[in-house]
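Okay, so here's the structure we're looking at.
Keep in mind that this is a model prediction, so the values were computed, not measured. Just follow the structure's listing: the first ligand is 1, and inside any ligand the first atom is 1.
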Amino acid sequence: MSVISTETCAPLAVLGHDVQVPLVSGEKVTYAALDYAASSPALQRVWDDVAAYAPYYGSVHRGAGYLSQLSTDLFEQSRRTVEEFLGLREDDQVVFTRATTDSLNLLAGALPAGTRVFVFETEHHASLLPWRREGVSVSYLRAPRSHADAVAALDEALAGAGDGPKLFCVTGASNVTGELWPVAELAATAHRHGARIVLDAAQLAPHHRVSVRDLDVDWVAFSGHKLYAPFGAGVLAGRSDWLDAAEPYLAGGGATRTVAREVDGSVAVEWNSGPARHEAGSPNVIGAYAIASACRALSEAGFDALEAREQQLIARLKAGLAEIPEVKVLSLFGDDSARVGVLSFVVQGWNSSHFSAALSAEYGIGVRDGLFCAHPLVRTLLGGEDTEPSECGAPEPSLPGERSLNAIRVSFGAGTPDEHLERFLAAVRELVADGAAWTYRSEGGRCVADGRRQ
Ligand SMILES: Cc1ncc(COP(=O)(O)O)c(C=O)c1O
């Protein structure tokens, strides 16, 4: 029997915790970073590890010198650390990529011809879109309103899918609502129908232990910059067979075993198998090392304790927002569904861009507004059928009082002090009660304070 600890831990030390930012009033306050779901701050530990290694930096898999050897060892050790962190199976492999988007595009390029892909329309665009390519058919499943609905919808779709390779892609935790998806049940369902499953753990891995073995998923993808390691690397980990049979993701040095001139003047290439096949070019050793450092730091802090603390913060946030009738929290699976520290909401009478701009300009609080690169999901949650395109990351035209077409997202994690959430709740209460103290205008698609008091 596993016993879940309820013992919490202190926030982990992160860079930028004491950064002062200017308010529209001219005063300065400590920045409250509440946009971890976009990019989390670097763990101090990650930064220190990278700084300690930096003087020894050298080329990886090329170079006979001492620092090249050391850097190559460090890169490969980082791979081992990620293998352990993810609880991989014996024959699985870890490919270092640029981030989750890159990882899922890599896998999409490795699908056997004729693969049928199944994906819920509620996914982040990084898991929704990479599969649209020649030789692959994609089925978009309608937004489920419960875990049971999701499992039943997948079961039904796969039952009618016939033979041939099949892949189901799902996110572990929504980047919009923070809600957890029933990954293990979905994996069991997929496997029962002979389909494989890839887990988009971009939002899950920073908050929860992710074990490929325990969840029984075939692949997992995540990003270093959301896991407190913002040095340009990400991970695709899992089964080797499809990856080894596929064309290399990038053609170039490192991916090849031999390259030879043929008698007819052409060039014959034998590609590597294993991670090297998809890691052409000079590897990002600092990025990989930073991810390994974050994996070690999170494991040592202990996910039980990190989660226990995060759940306390979520409970406090939900209770605080529930006291403000004008605030509506968005949810796919119901208000009581389990979630990580990510929560989106709208405020009655407010344009979300205006509200977020006021949180920044008047309170020094950084949240995000928009459709969060999950347009179909946010539109489902907002109940709107608007179909006009919107730039990823760019809010809808946003003048105070306009109807909201987008939402506000607050997200946090292992480095967030309680005080940041208290400041956020106090600011939301004050803005709702009194309105913004300054005036705002639209500039370059964003809502900005224009320096005049109301
Ligand atoms: C659930 C989810 N998947 C994938 C991505 C894409 O991650 P990246 O931008 O690091 O490639 C994100 C980014 O926000 C995300 O939240």
Side-chain angles (χ1 to χ4, degrees), residues 33-42 82 95-109 117 119-131 143 150 168-183 186 197-208 210 215 217 219-238 249 278 284 287-288 290-291 294 330 332-333 339-344 366-378 380-381 390-395 406-413:
L34 292 176
D35 195 12
Y36 274 50
S39 285
S40 57
V82 174
V95 183
F96 283 114
T97 63
R98 289 181 300 170
T100 308
T101 306
D102 202 34
S103 299
L104 295 173
N105 275 272
L106 192 171
L107 184 64
V117 175
V119 62
F120 281 97
E121 64 184 10
T122 44
E123 289 295 334
H124 187 281
H125 297 171
S127 4
L128 189 71
L129 304 177
W131 323 108
F168 169 58
C169 176
V170 69
T171 189
S174 166
N175 70 307
V176 176
T177 64
E179 289 169 302
L180 297 174
W181 281 66
V183 177
L186 290 165
I197 171 170
V198 54
L199 172 64
D200 171 352
Q203 300 296 345
L204 188 63
H207 303 274
H208 267 275
V210 173
L215 292 170
V217 293
W219 292 277
V220 60
F222 70 85
S223 304
H225 73 101
K226 295 184 197 293
L227 193 90
Y228 313 103
F231 290 88
V235 164
L236 174 68
Y249 187 44
H278 298 292
N284 176 0
I291 287 181
L330 305 183
L332 195 56
F333 298 144
R339 65 171 83 217
V340 298
V342 176
L343 183 147
S344 294
V367 298
R368 182 172 168 189
D369 61 274
L371 299 175
F372 317 123
C373 300
H375 297 187
L377 170 59
V378 179
T380 298
L381 296 173
S390 138
E391 280 291 302
C392 183
N406 53 19
I408 304 154
R409 181 179 74 188
V410 53
S411 58
F412 50 94

Donor-acceptor contact below 3.5 Å, side chain His125 vs main chain His375: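 Between the backbone of His375 and the side chain of His125 there is a qualifying donor-acceptor contact (under 3.5 Å).
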
Identified side chain to side chain contact (heavy atoms under 4.5 Å, CB included) counterpart of Ser174 within the set Leu377, Leu332, Leu180: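 For Ser174, the side chain to side chain contact (heavy atoms under 4.5 Å, CB included) test succeeds with only one of Leu377, Leu332, Leu180, which is Leu377.
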
Find all atoms of ligand 1 within a distance of less than 4.0 Å from any non-hydrogen atom belonging to [X], and give their numbers and elements.
X: Thr171; result: 1 (C)
X: Asn175; result: 16 (O)
X: Lys226; result: 7 (O), 10 (O), 12 (C), 13 (C), 14 (O)

Give the residue, atom name and distance (to 0.1 Å) of the protein heavy atom nearest [atom].
atom: atom 12 (C) of ligand 1; value: His124 NE2, 3.2 Å
atom: atom 6 (C) of ligand 1; value: Thr101 OG1, 3.4 Å
atom: atom 3 (N) of ligand 1; value: Asp200 OD2, 2.5 Å

Heteroatom distance test (Gln203, ligand 1): nitrogen or oxygen, under 3.5 angstrom: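 Such a contact does occur with ligand 1.
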
Any N or O of His225 closer than 3.5 Å to N or O of ligand 1: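 Looking only at distances, the answer is yes, because the N/O contact criterion of under 3.5 Å is met.
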
Minimum heavy-atom distance Gly413-Tyr36, with the two atoms named: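 So the two residues come closest at N-CD2, 3.4 Å.
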
Taking every non-hydrogen atom, the tightest pair across Phe222 and Ala201: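 Scanning both residues completely, I find the closest heavy atoms to be CB-O, 3.8 Å.
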
Worked check of side-chain contact (heavy atoms from CB on, under 4.5 Å) between Trp219 and Val235: CA-CA 10 Å; Trp219 292 277; Val235 164; over 6 Å; no

Residue-ligand contact His125/ligand 1, heavy atom below 4.0 Å: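 No.
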
Ring geometry between Phe120 and Trp181 (parallel below 30°, tilted from 30 to 60°, perpendicular above 60°):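 Aromatic pair Trp181/Phe120 classed tilted.
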
Residue among Thr101, Asp200, Thr100 satisfying side-chain hydrogen bond (donor to acceptor under 3.5 Å, both in side chains) with Ser223: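 That would be Thr100; it is the only one of Thr101, Asp200, Thr100 passing the side-chain hydrogen bond (donor to acceptor under 3.5 Å, both in side chains) with Ser223.
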
